[in-house]
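Only one structure is covered here, and it is reproduced in the block below.
Quick note: residue numbers are just sequence positions, from 1.
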Amino acid sequence: MNAVSVTQGSSAIILSQPHSGQYVPDAIWANLNPLGRQLLDTDWHIPKLYEGLLDDVTIVKANFSRYVIDANRDPQGSSLYPGQNTTDLVPLSSFDNLPIWDTPPSNADIASRVSDYHRVYHDHLKSEINRLKTIHGQVFLYDCHSIRSKIPFLFDDQLPDLNIGDNSGQSCDSKITNVIQQVCARFPDYRHVVNGRFKGGWTTRHYGQPDDNVHAFQMELAQHRYLESEKPPFLYDPVNANELRKVLRTVLCEINHIMSTTQ
């Protein structure tokens, strides 16, 4: 299996999907414990949730599991949220702070995975950003994520449904973020927050350079809004998902409008 799948579109929007993959090479799978083999922290069904919401978007999708290596973490290993609970470049534990390995990866293992997976993902992403910037003069990188809505180790209480992160205003023009917030407010059945617990991962922070016409934000979704249950087997709920897709389609259409009218 290819580590990364790329679908090229002609608009100025890229959907990056770093955490929806479930591929684990046999040699790595053998070192996971039974909990780790459940891949509990996958961004379940994100490709399906976003499929067909907007024509001509580019999609860069990691096919490998975040337990192999997390494509949304600093390859140097720096924490995204110093002083807060989070997970590492190669997670040693689940979101519930439970060990996932029988044999944890060595430093050499991690270095190999950076080369074989993390770097490959970001080489593709950088290539698509450059391609579309050449065409449009600007790019919007929309980082697609989801997570269980209740994880005491990572956050208090229940997570809002729509969590927008633009690195506290540094990775995206504030005018765009404000418009997206206004769009979310038009759907009062969905709670939303900007730069709450999730302010954007390494992808958002690394590529979001508004002064250089690359805007980026992360959309973290509460999984209970589109799954039958936030427990295995994490089945997709078509009814609830279709309602959420209306919100996401509206958000993407508004971003597309902004991008197409400011070239």
Side-chain angles (χ1 to χ4, degrees), residues 9-19 43 46 49-50 53-60 72 80-81 84 125 128-129 132-133 135-147 149 154-223 225-226 241 243-263:
S10 59
S11 77
I13 297 174
I14 299 173
L15 301 182
S16 54
Q17 300 175 348
H19 290 158
D43 292 14
I46 281 292
L49 188 66
Y50 279 91
L53 292 182
L54 187 70
D55 292 336
D56 287 331
V57 294
T58 292
I59 302 170
V60 179
N72 197 35
L80 289 175
Y81 299 99
Q84 293 180 276
L125 193 53
E128 293 309 308
I129 290 172
L132 293 174
K133 192 177 178 187
I135 297 171
H136 299 283
Q138 60 180 347
V139 176
F140 195 98
L141 177 59
Y142 181 117
D143 206 28
C144 308
H145 292 267
S146 72
I147 192 169
S149 60
L154 294 182
F155 46 81
D156 298 328
D157 304 319
Q158 181 167 300
L159 195 70
D161 304 314
L162 309 167
N163 300 267
I164 301 165
D166 67 359
N167 195 22
S168 299
Q170 298 181 62
S171 67
C172 181
D173 189 315
S174 61
K175 293 179 182 178
I176 301 176
T177 301
N178 290 339
V179 169
I180 302 313
Q181 186 175 13
Q182 292 167 13
V183 170
C184 292
R186 286 158 46 188
F187 296 87
D189 289 341
Y190 295 85
R191 291 193 303 132
H192 74 277
V193 67
V194 177
N195 294 313
R197 174 61 179 86
F198 297 101
K199 295 178 170 57
W202 188 76
T203 300
T204 297
R205 303 180 196 200
H206 181 69
Y207 295 105
Q209 303 289 335
D211 291 342
D212 196 33
N213 293 315
V214 179
H215 306 275
F217 79 37
Q218 174 175 310
M219 177 68 86
E220 187 83 61
L221 304 172
Q223 290 180 345
R225 296 312 305 249
Y226 72 94
E243 291 302 309
L244 179 57
R245 279 168 55 83
K246 294 176 184 177
V247 182
L248 300 176
R249 179 181 288 110
T250 306
V251 168
L252 286 170
C253 287
E254 191 61 44
I255 294 171
N256 190 51
H257 175 74
I258 293 170
M259 290 288 102
S260 61
T261 57
T262 57
Q263 293 181 23

- prompt: Who passes salt bridge (charged side-chain N to carboxylate O under 4.0 Å, His left out) against R245, sequence neighbours left out?
  reply: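 Counting only residues at least two positions away or on another chain, R245 forms no salt bridge (charged side-chain N to carboxylate O under 4.0 Å, His left out).
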
State, without any angle test, whether [X] and [Y] hold a side-chain donor-acceptor pair at a distance under 3.5 Å.
| X | Y | result |
| --- | --- | --- |
| D166 | T177 | yes |
| T262 | Q138 | yes |
| S16 | D143 | yes |

query: For F140, what residues pass the ring pair (Phe, Tyr, Trp, His ring centres under 6.0 Å) criterion, not counting sequence neighbours?
result: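 By the ring pair (Phe, Tyr, Trp, His ring centres under 6.0 Å) rule, F140 matches F217.
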
Short question: side chain of [X], backbone of [Y] - any donor-acceptor pair under 3.5 Å?
| X | Y | answer |
| --- | --- | --- |
| D173 | P210 | no |
| S146 | Q223 | no |
| Q218 | G201 | yes |
| S11 | D56 | yes |
| N256 | L252 | no |
| R197 | L154 | yes |

Heavy-atom pair with the smallest gap, counting every atom of A222 and P160: CB-O, 3.7 Å

- prompt: Which heavy-atom pair separates N72 from P18 by the least distance, and what is that distance?
  reply: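 In this case the closest contact between N72 and P18 is CB-CG, 4.3 Å.
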
Distance in Å, [X] [atom1] paired with [Y] [atom2], rounded so as to fall on 0.5 Å steps:
| X | Y | atom1 | atom2 | value |
| --- | --- | --- | --- | --- |
| C144 | H19 | SG | NE2 | 12.0 Å |
| L248 | L221 | CG | CG | 5.5 Å |
| I164 | C172 | CD1 | SG | 9.5 Å |
| L15 | L141 | CG | CG | 9.0 Å |
| Q170 | T204 | CD | OG1 | 12.0 Å |
| L125 | T58 | CG | OG1 | 10.0 Å |

How about [X] and [Y]: do any of their side-chain heavy atoms sit closer than 4.5 Å?
| X | Y | answer |
| --- | --- | --- |
| I14 | V139 | yes |
| L54 | C253 | yes |
| I147 | F198 | yes |
| Q209 | H215 | no |
| R225 | L162 | no |

Got a list of side-chain donor-acceptor pairs under 3.5 Å for residues 179-194, not counting sequence neighbours?
unit_1, atom_1, unit_2, atom_2, d
Y190, OH, L244, N, 3.3
R191, NH2, Q158, O, 3.2
R191, NH2, L159, O, 3.4

Can you sort out the partners of [X] under side-chain hydrogen bond (donor to acceptor under 3.5 Å, both in side chains), two or more places apart, ordered by chain and number?
| X | value |
| --- | --- |
| K133 | D212 |
| N163 | none |
| D43 | H145 |

query: Should Y142 and I255 be marked as a side-chain contact (heavy atoms from CB on, under 4.5 Å) after you check the CA-CA gap, both sets of side-chain angles, and the distance that decides it?
result: CA-CA 10 Å; Y142 181 117; I255 294 171; 3.9 Å; yes

